[in-house]
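A note on names: the letters A, B, ... follow the listed sequences, proteins ahead of strands, and every chain is numbered from 1.
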Protein chains: 2
Amino acid sequence: MSSIADAPLTDVPLADLSASGRIVRAALTRFAQHGVARATVRDIAGDAGVSAALVIHHFGSKEQLRLECDRRVVAFVQAKERTSAARALDAAFAHYGAYAARMLAEDSPESRRLFDELLGVSRAAVADGEKVGSLRGSSDPDAQAVALLMLGLAPFAFTANLTHWAGTDAETAMTRLAVPIAEIYTAGLMTDPAVLEAARDAQGARE
Amino acid sequence: MSSIADAPLTDVPLADLSASGRIVRAALTRFAQHGVARATVRDIAGDAGVSAALVIHHFGSKEQLRLECDRRVVAFVQAKERTSAARALDAAFAHYGAYAARMLAEDSPESRRLFDELLGVSRAAVADGEKVGSLRGSSDPDAQAVALLMLGLAPFAFTANLTHWAGTDAETAMTRLAVPIAEIYTAGLMTDPAVLEAARDAQGARE
DNA sequence: CAGAATACTGAACATGAGTTCAATTGCTGA
DNA sequence: TCAGCAATTGAACTCATGTTCAGTATTCTG
């Protein structure tokens, strides 16, 4: 059941990691926090306690390091998926939500690959949930899976402003935000079904 | 009622705009599509049909051009706010959703300023909605306003993958995604209120 | 109409960042 | 032990990009 990919890299103590492990860990954090463009190889190397040249030596290029990060996330999710899709999605959000949110905001084949992977998990979670009765079915389950994924990633995309708003750390802010989101997920937000009809009409008119 | 800020810059024909107007328009688009770091002054200048030097001449620096974009969005929202907060928020999403999503993903004082502005509108929309009865009240209205803002921006943060998924243009993809989101907003997604209790417990344990 | 101010440009400059490279250190297996 | 291989580094190189600058065209104004 438990493989190497089960343990999210960010939870392993720094000293226990090899140089390349520390580099990937640092990259995951920097990419998540500042985005790929603003995260420099030198910064990542500094966090990992190595030289910039070593980063290139091990991974070939910044872009390939990014791909390695993608691979770690995918491996982690696939390992978790053996328990249940819903758990895998939750775990992916909890450990790599910020990274995934940054990556999926980009427009590249690699971004699309990660998206497809996560969407697969979300689809399975939606299908399972409806079968078990824990999720309400949708007239468009595939779009529902996309919604579940994107709404789930939203707080991570805006973490900086979230913590600014809460005036504390990211985790506390996330916990506070989780309440109204859970309210919406369990009871809805709008009382008038007109907005749903409007959305269905717009969708109907377009196909 | 109608001021200059009412018309979103992106809807004005290119030929009708002055050079600086075209620059701001191009900047709004480039910043929204590729993010500030990846949008180059030369690209923006090219889109606007001017030289890179002119961009600097008019705005001083790339950063100040970004601030001007922020100002345009804020002015637009404030103008729309005179009708209703809900309309202002909808209009802001429709016209500047992609730009706002990119900006609010960053961690800077400017990002926080824009966030506070939009959060104010969201707060007002939540208050109005509850008063009129169109929105269900929350145990934490302020967090609810944050949720409304972030969930509303989510599709714009991931537009590229959204269109990839739908296999069409962004607008069609957004329309399709709007259906399950409207379902969630009107009827909820989960049948078991346990997740709400869990969120409330976690929140309660933290304060 | 003249001149001043403004709009505008191409070329050059400075710098930050990804990458290369030659050299050094440390380890490992015959 | 030692030869060879992997790990590691500092310095140099290259290139993209924000910005400056000197000069030209355009537009406003008295």
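Rounding to whole angstrom units, CZ of residue B:Phe59 and P of D:dG18 are separated by 15 Å. In this structure, A:His34 atom NE2 and C:dA17 atom P are separated by 12 Å, rounded to whole Å. Counting to the nearest Å, the C1' atom of D:dT19 and the CD1 atom of B:Ile44 are 14 Å from each other. Here the P atom of nucleotide D:dG18 and the NZ atom of B:Lys62 are 4 Å apart, to the nearest Å. In this structure, A:Phe31 places its CZ atom 14 Å from P of C:dA17, rounding to the nearest Å. Atoms NE2 (B:His58) and P (D:dT19) sit 16 Å apart, rounded to a whole Å. Note: CD1 (B:Ile56) to P (C:dA7) measures 15 Å, nearest angstrom. Put simply, CD on A:Glu63 is 20 Å from P on D:dC15, counting in whole angstrom units.
Of the candidates C:dA7, D:dT20, D:dA7, the closest approach to any side-chain atom of B:Ala53 belongs to D:dT20. Closest to the side chain of A:Ser61, from the set D:dT19, C:dC8, C:dT19, is C:dT19. Distances were taken from every side-chain heavy atom of A:Ser51 (C-beta onward) to each of D:dT9, C:dT19, C:dG10; the shortest belongs to D:dT9. Residue A:Leu54 places its side chain closer to D:dA7 than to any other of D:dT19, C:dG18, D:dA7.
The distance from the CZ atom of B:Arg123 to the CG atom of B:Asp128 is 13.5 Å, given to the nearest 0.5 Å.
Counting non-hydrogen atoms under 4.0 angstrom, A:Ala39 reaches the backbone sugars and phosphates but no base. Among the atoms of the strands shown, only primed sugar atoms or phosphate atoms (P, OP1, OP2) are found under 4.0 Å from some heavy atom of B:Thr40.
B:Glu68 and B:Arg72 are joined by a salt bridge, as a carboxylate oxygen and a charged side-chain nitrogen come within less than 4.0 angstrom of each other. Ion pairing of B:Arg71 with B:Glu110 is absent here, as no side-chain N (NZ or NE/NH1/NH2) approaches a carboxylate O to less than 4.0 Å. The existence of a salt bridge linking B:Glu183 and A:Arg200 is confirmed by a sub-4.0 Å separation between a basic side-chain nitrogen and an acidic carboxylate oxygen.
With hydrogens and angles left out, the side chain of A:Arg42 and the base of C:dG18 share a donor-acceptor pair within 3.5 Å.
Regarding contacts with the backbone of D:dC21, every side-chain N or O of B:His57 stays at 4.0 angstrom or more from both OP1 and OP2.
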Does the side chain to side chain donor-acceptor pair (under 3.5 Å) test come out yes or no for B:Asp107 and A:His164, once each step is laid out? CA-CA 9 Å; B:Asp107 184 11; A:His164 153 65; over 6 Å; no
